[in-house]
Amino acid sequence: MLSVEWESEGLQTVAIVVIICASLKLFHFLGLVDFSEDSVEDDLEMATICHRPEGLEQLEAQTKFTKKELQILYRGFKNECPSGIVNEETFKEIYAQFFPQGDASTYAHFLFNAFDTDHNGSVSFEDFVLGLSVLLRGTIQDKLKWAFNLYDINKDGYVTKEEMLDIMKSIYDMMGKYTYPVLRDETPRQHVENFFQKMDKNKDGVVTIDEFIDTCQKDENIMKSMQLFENII
Amino acid sequence: MAAGVAAWLPFARAAAIGWMPVANCPMPLAPGDKNKKQDELVILNVSGRRFQTWKNTLERFPDTLLGSTEKEFFFHEETKEYFFDRDPDIFRNVLNFYRTGKLHYPRHECISAYDEELAFFGIIPEIIGDCCYEEYKDRKRENAERLMDDSDSENKAEGNLPSRTCRQTMWRAFENPHTSTLALVFYYVTGFFIAVSVITNVVETVPCGIGPSDVKDLPCGERYVVAFFCLDTACVMIFTVEYLLRLFAAPSRYRFMRSVMSIIDVVAIMPYYIGLVMTNNEDVSGAFVTLRVFRVFRIFKFSRHSQGLRILGYTLKSCASELGFLLFSLTMAIIIFATVMFYAEKGSTHSKFTSIPASFWYTIVTMTTLGYGDMVPKTIAGKIFGSICSLSGVLVIALPVPVIVSNFSRIYHQNQRADKRRAQKKARLARIKIAKTGNANAYLQIKRNGLMNEAMELTPGDKEQTRNKPGSAVARQHHHLLHCLERTTNHEFLDEPAFEQNCLEGSMQNCPSTHSPSLSSESGTASTCCSRRSNKKSAHLPNSSMSAANLRSMQELSTIHIQCGEQISFNTSRSSLNDKSEEGMRINCKSSQITTAIISIPTPPGITPEGENRSRIPNQSSTSMNTTSCNIVKVSAL
């Protein structure tokens, strides 16, 4: 008698335990209950991409900077981007800090593309320093070529009016709203018209690199301003 | 500008080469780099612990002690280091602020010691980073409260009460019963009377046994009428006095009267007064009985005494949507099952399921697993559906309830955090905005004060002689960059008030006074800055100035489009202007070409004077006039 009772009670206990476990699994399956304590780490994806630049000697050979200048540049670069590369978002953020009144994101996008010579979506220290070497220590020809490359958004060798208009609008965007005189919508377009008047010698609607370099070299103002930033570093 | 990005300033300046071919004016000169010596290490000796950093790092924040010349006071000649007799542990955080641009608050430090160090080094605590700001504010508030408590008890001990009006003391006593003994006594007395009143209401209805002159059981309330009436009166007296006192002491009576607690107070004592007024009128005694029900609201007065009740009420309020959903799904299920049961039981004789609403009762009782048994299905179909009903009732109720319960706690905690974040967000946005406008304003101020460059550009030999420009080298270079941008686009930066003012003035068209300086500066810049261009457009300058002069008399117009050709179909003032200036412009206009200007003359002048106002682009437009086809000269009104 007793054993039968105990047996049935034992079976009942087993049945209850099984039911509880099954319902817990059901809840876990439905997502109501979370057992694992380290689920947070699954969500976080550590940005483990880290990039180290080539050695100092190699960079010194490739660019026109001295060792000390490269050191200073790298310290600043690494401070802002500890992982060693800049992606477009960070680049935009950094550049926007210099122009608090306006919206520098579009121009920063074009600038990023100009620096990202291998078009892999990120600017490493080498790209950065190579670009700066052209800008600060290059010949006038090199600088003009770099500027042309900036304006040529699709990198096909021709600067069309639409491309120039995009660039112009992005420059005007950096001014922001509070300007004197008030910025009108036609201002960038007018500016582009002037630019094309000056640069487009054969009036075919596009500016080639030769026309560009030619015109710029004849313009005193532009020549003077190109040499303005020689001694930044 | 954040400290870290100061290192990127050379890059931003180099990238400005991209603007050069586009600009029409020559650029301002770069600031002199007279102090271009190599970066040097400085040693900061703080109570024996030596910290080293680059000099440039410290100069990122020129308005702090370490970034300015104030640190020279601490320079120790013999050891060639800067000695500070302060806490080295906290100094670590201060120095990290220079390095990374973010100030952190270490949790284990005492808040007042930290504040003292920050004050010594000239750093304002508002720039503490978001990661540590909450903690900092909490600790600071705690500290402040403690100090306030201390000062209060000190004052009381000295018998030196702060000068407060009677009203303010009373309000403080009501809100914080622990401030004085009298307040505490009041607090307990009211609590006691609330309890007495509630118990009275309950006991009133208990049958007290058969009275001497009655045949049936009477409730106690009707046996001892006088006693209960006296008790009730006493309680209501106390409540009324309390309410009136609170009303008197409240700083804002209107706000107090609208608050929940005061409504509860009023509802608790109104039945008594209404009862007094209505006496024993038989017609309205039914309503009077209903009024008595409201006496139970006195129990809600306890929420002043209990924090937990308040929290419960608040969480119920904040979970209203979840509760609503539960109710809605239950209602749906009830209706479905009631309908099914009704039609299933329709056939059986003497069925209790007389209508669908009558079946509601069965469904509710079954789904909530109460099972009273007053209504049971008799047909087989009815029984089957009845069992399905009870099973689904378990599911429908059991499943959402844990979700709701967890929602309670989650939403409650979230609300707490969201409130804090909301309060801080405003402050944070204000801080960011102040920093931004600070940068912009610094630049504008320097423009106004320094009155850059026109003079200096003509004397290139003086480039090396620095007039004492304020600000660090970084700031100067940044301002030079912004100045280049201005030159590239031929527009100037303004700050918001000046911009608004210009818009207003433009719309009121006070032409000569406000805009003559700008006109002179226009011509000024035209002559010095764009010297080449003025040569090119010398033919046009007199025209534009002449038409500008003409315009001064034309008060009501903003933009004029002078076209060579017809288009006299606009309103008279415009056409008159066209006639007038056409004489002047006839030199330049050739063919009657009506180009895109038509599209860009949008509306009659009355509507958008501001929008088209001050669109002075005589420079660009006149260069476009240089060549062949006749275009439109846009000359804006002053």
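In the text below, chain A, chain B and the rest are named by the order of the sequence lines, each starting its count at 1.
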Do you know which two heavy atoms are closest between [X] and [Y], and how far apart they sit?
X: P21(B); Y: Y151(A); value: CD-OH, 3.2 Å
X: T489(B); Y: M175(A); value: OG1-SD, 3.5 Å
X: M20(B); Y: S225(A); value: SD-CB, 3.3 Å
X: L132(A); Y: A14(B); value: CD2-CB, 3.5 Å
X: Y95(A); Y: A15(B); value: OH-CB, 4.4 Å
X: K143(A); Y: I17(B); value: CD-CD1, 4.0 Å

Please state whether the side chain, the backbone, both or neither of [X] comes within less than 4.5 Å of a heavy atom of chain B.
X: L111(A); answer: side chain
X: F148(A); answer: neither
X: F212(A); answer: side chain
X: V86(A); answer: side chain
X: I167(A); answer: neither
X: M199(A); answer: side chain

Exercise. Is any side-chain heavy atom of L482(B) closer than 4.5 Å to a side-chain heavy atom of Q101(A)?
Worked result: no

Exercise. So do T179(A) and E492(B) actually touch side chain to side chain, heavy atoms under 4.5 Å?
Worked result: no

Atom pair [atom1]/[atom2] of [X] and [Y] - distance to nearest 0.5 Å:
X: M174(A); Y: E486(B); atom1: CE; atom2: CD; value: 12.5 Å
X: L135(A); Y: R13(B); atom1: CG; atom2: CZ; value: 12.5 Å
X: Q190(A); Y: N490(B); atom1: CD; atom2: CG; value: 12.0 Å

Problem set entry | Short side-chain to backbone donor-acceptor contact, H478(B) and F98(A), under 3.5 Å | yes

Exercise. Looking only at atom types and distance, does a side-chain atom of Y180(A) sit under 3.5 Å from a main-chain N or O of F493(B), one as donor and one as acceptor?
Worked result: no

Problem set entry | F11(B) and F91(A) aromatic centres sub-6.0 Å | yes

[X] atom [atom1], over 12 foreign heavy atoms within 6.0 Å:
X: K201(A); atom1: NZ; result: yes
X: F196(A); atom1: CZ; result: yes
X: D185(A); atom1: CG; result: no

